[in-house]
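Input: a single structure, listed below in structure tokens.
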Amino acid sequence: MKVYCTKNYEEMSRKASNLIFAQIISKPDSVLGLATGSSPLGIYDNLIKYYKNGDLDFSALKTANLDEYCGLEKSSPQSYAYFMYEKLFKHINIQTDNTNIPDGTNQNTESECLRYDQTIYNLGGIDLQLLGIGHNGHIGFNEPSESFTHGTHCVKLAEKTINANKRFFDSIDDVPKSAYTMGIHTIMNAQKIVLIASGSEKADIMYEMIAGDITPKVPASILQLHKDVSIVADEAALEKVLKMGDNLPFWCEISLQFL
Ligand code: F6R
């Protein structure tokens, strides 16, 4: 596990964008696993800039998003389909057919989960998965639980998650209570993983993820077992990790990038 510590959100976004840039340059038809939320916004802005400057071509790129709220139409401004279109897809030359997101309107949970797993399988799996992390350690919408999940499933959102996401809705009652999410097994099957985090409110969970026990109660802790994971986080998010100094687990290689 490589941990890159950056000064702030902007530098976190730059460093993580560079990793994605390298992936697309080396394999233009890569399958990128994408996340929504506040953390990746700076990265998406950078990718748009690379495209506009003529440095990146997205025409062969394929994407698979981590998750989608159940019950929201694609046209709903709070849906992740809408988020991806507004924040990234409409600004670059990606082919719509090459973008994939769980269908939150499919009420047949079993068929939607099978369909999405089959989609990822048909893509040949994920080359690089971008992840944010929830305050409770969720990745995608894999909430803390008693066991690690396998494929796509419908999850009841934790109270902490509903509270954290209410900022995107008019009121807390409007936040959907369930979502489709890629499973932990699918995420762990990605060839490379880049997890980003910014801000002191993520400091406790970053510490638990990197230096704590591997447990489904902190779903992101499973990343300690992945062969190629880069954590790109700012000083505030890594405050508690950095305090450990030489006592960090041996698998955690910290590369300080005070850019
Ligand atoms: C979003 C997702 C979530 C977020 C996490 C952090 O697609 O999968 O796991 O990455 O909730 O959200 P932010 O970045 O808003 O702090």
Side-chain angles (χ1 to χ4, degrees), residues 1-22 33 35-46 66 128-148 157-167 184 187-188 190 192-259:
M1 179 180 265
K2 283 200 189 100
V3 183
Y4 296 98
C5 175
T6 67
K7 262 198 190 109
N8 52 33
Y9 177 85
E10 194 192 347
E11 299 308 342
M12 173 203 81
S13 303
R14 188 148 67 94
K15 176 76 196 167
S17 308
N18 287 342
L19 296 175
I20 296 173
F21 183 95
T36 58
S38 307
S39 307
L41 288 172
I43 296 178
Y44 296 156
D45 284 347
N46 288 339
L66 282 165
L128 185 152
Q129 177 65 57
L130 176 65
L131 296 174
I133 182 169
H135 298 97
N136 60 3
H138 74 213
I139 45 177
F141 272 141
N142 292 281
E143 300 285 31
S145 71
E146 295 305 316
S147 58
F148 290 112
L157 296 178
E159 214 176 306
K160 230 175 175 177
T161 303
I162 292 175
N163 269 313
N165 289 1
K166 69 176 184 227
R167 66 192 194 278
I184 291 286
I187 293 172
M188 287 297 281
K192 288 180 203 292
I193 293 179
V194 175
L195 182 142
I196 49 171
S198 168
S200 56
E201 71 280 7
K202 297 277 171 82
D204 286 338
I205 199 62
M206 290 300 283
Y207 174 81
E208 282 187 59
M209 172 187 71
I210 293 170
D213 291 342
I214 298 171
T215 162
K217 296 197 163 61
V218 181
S221 63
I222 190 100
L223 299 178
Q224 291 178 26
L225 299 177
H226 193 277
K227 63 182 187 328
D228 189 350
V229 52
S230 302
I231 311 287
V232 188
D234 62 18
E235 279 175 299
L238 287 175
E239 193 194 340
K240 242 179 131 172
V241 172
L242 293 173
K243 277 194 188 138
M244 284 193 78
D246 291 342
N247 296 322
L248 273 169
F250 65 87
W251 56 85
C252 182
E253 181 189 324
I254 292 228
S255 153
L256 296 176
Q257 304 257 323
F258 294 108
L259 302 166

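These numbers come from the heavy atoms of this one structure, side chains and all, not from hydrogens, waters or symmetry mates. Just so we're clear, the structure is a prediction, and the values are computed from it rather than from any experiment.
A donor-acceptor distance shorter than 3.5 angstrom exists from the side chain of Asn142 to the backbone of Ile139, with no hydrogens or angles considered. In terms of modelled atom types and a separation under 3.5 Å, the side chain of Lys202 and the main chain of Ile133 share a donor-acceptor contact. Side chain of Gln224 to main chain of Gly212: a donor-acceptor pair is present (N/O by atom type, distance under 3.5 Å, no hydrogens or angles). Glu143 contributes a side-chain N or O that, together with a main-chain N or O of Ala158, makes up a donor-acceptor pair within less than 3.5 Å. With hydrogens and angles disregarded, a donor-acceptor distance shorter than 3.5 Å links the side chain of Tyr9 to the backbone of Ser39. Not one N or O on the side chain of Asn136 forms a donor-acceptor pair closer than 3.5 Å with the backbone of Pro144.
Contact of the Val232 side chain with the Val194 side chain is registered, since non-hydrogen atoms from C-beta on lie closer than 4.5 Å. Side-chain atoms of Pro219 and Ile184, non-hydrogen and from C-beta on, do get closer than 4.5 Å to each other. Within the 4.5 Å cutoff, side-chain heavy atoms of Phe141 are placed close to those of Asn165. In this structure, Gln129 and Leu66 have side chains that are in contact, with non-hydrogen atoms separated by less than 4.5 Å. The side-chain heavy atoms of Ser13 and Asp45, taken from C-beta on, include no pair separated by under 4.5 Å. Within the 4.5 Å cutoff, no side-chain heavy atoms of Glu146 are placed close to those of Pro216.
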(request) Given side-chain contact (heavy atoms from CB on, under 4.5 Å), test Ser145 with Lys217 step by step and report yes or no. (result) CA-CA 5 Å; Ser145 71; Lys217 296 197 163 61; over 6 Å; no

(message) Between Leu223 and Met188, is the side-chain contact (heavy atoms from CB on, under 4.5 Å) condition met? List the steps.
(response) CA-CA 7 Å; Leu223 299 178; Met188 287 297 281; 4.0 Å; yes

(message) Between Lys192 and Ser230, is the side-chain contact (heavy atoms from CB on, under 4.5 Å) condition met? List the steps.
(response) CA-CA 8 Å; Lys192 288 180 203 292; Ser230 302; over 6 Å; no

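One distance of note links CD1 of Ile43 with CD1 of Ile20; it measures 4.5 Å at 0.5 Å rounding. Here Leu130 contributes atom CG and Leu195 contributes atom CG; the two are 8.0 Å apart, rounded to the nearest 0.5 Å. For the atom pair OH of Tyr207 and CD of Glu239, the computed distance is 13.0 Å after rounding to the nearest 0.5 Å. Residue Met12 holds its CE atom at 5.0 Å from OG of Ser198, rounded to the nearest 0.5 Å. Atom-to-atom distance recorded for Thr161:OG1 and His138:NE2 is 4.5 Å, nearest 0.5 angstrom. A distance of 8.5 Å separates CD1 of Ile231 from CG of Leu238, quoted to the nearest 0.5 Å.
With sequence neighbours excluded, the residues forming a side chain to side chain contact (heavy atoms under 4.5 Å, CB included) with Lys2 are Tyr4, Glu253, listed by chain and number. With sequence neighbours left out, Asp204 forms a salt bridge (charged side-chain N to carboxylate O under 4.0 Å, His left out) with Lys240.
Annotation for Asn46 and Ser17: closest pair ND2-OG, 2.9 Å, computed over non-hydrogen atoms. In plain terms, the two heavy atoms of Ala164 and His135 that are nearest each other are CB-ND1, 4.0 Å. Nearest heavy-atom pair across Ile210 and Pro249 is O-CG, 3.7 Å. Scanning all heavy atoms of the two residues, the minimum distance from Ile193 to Ala190 falls at CG1-CB, 4.2 Å. Between Ala233 and Met206, the shortest heavy-atom contact is CB-CE, 3.9 Å. What you find for Ile222 and Ile214 is that their closest heavy atoms are CA-CG2, 4.0 Å.
Between Glu11 and the options Lys15, Lys7, Arg14, a side-chain hydrogen bond (donor to acceptor under 3.5 Å, both in side chains) holds for only Arg14.
Heavy-atom neighbours of Glu201 CD from other residues, nucleotides or ligands within 6.0 Å: above the threshold of 12.
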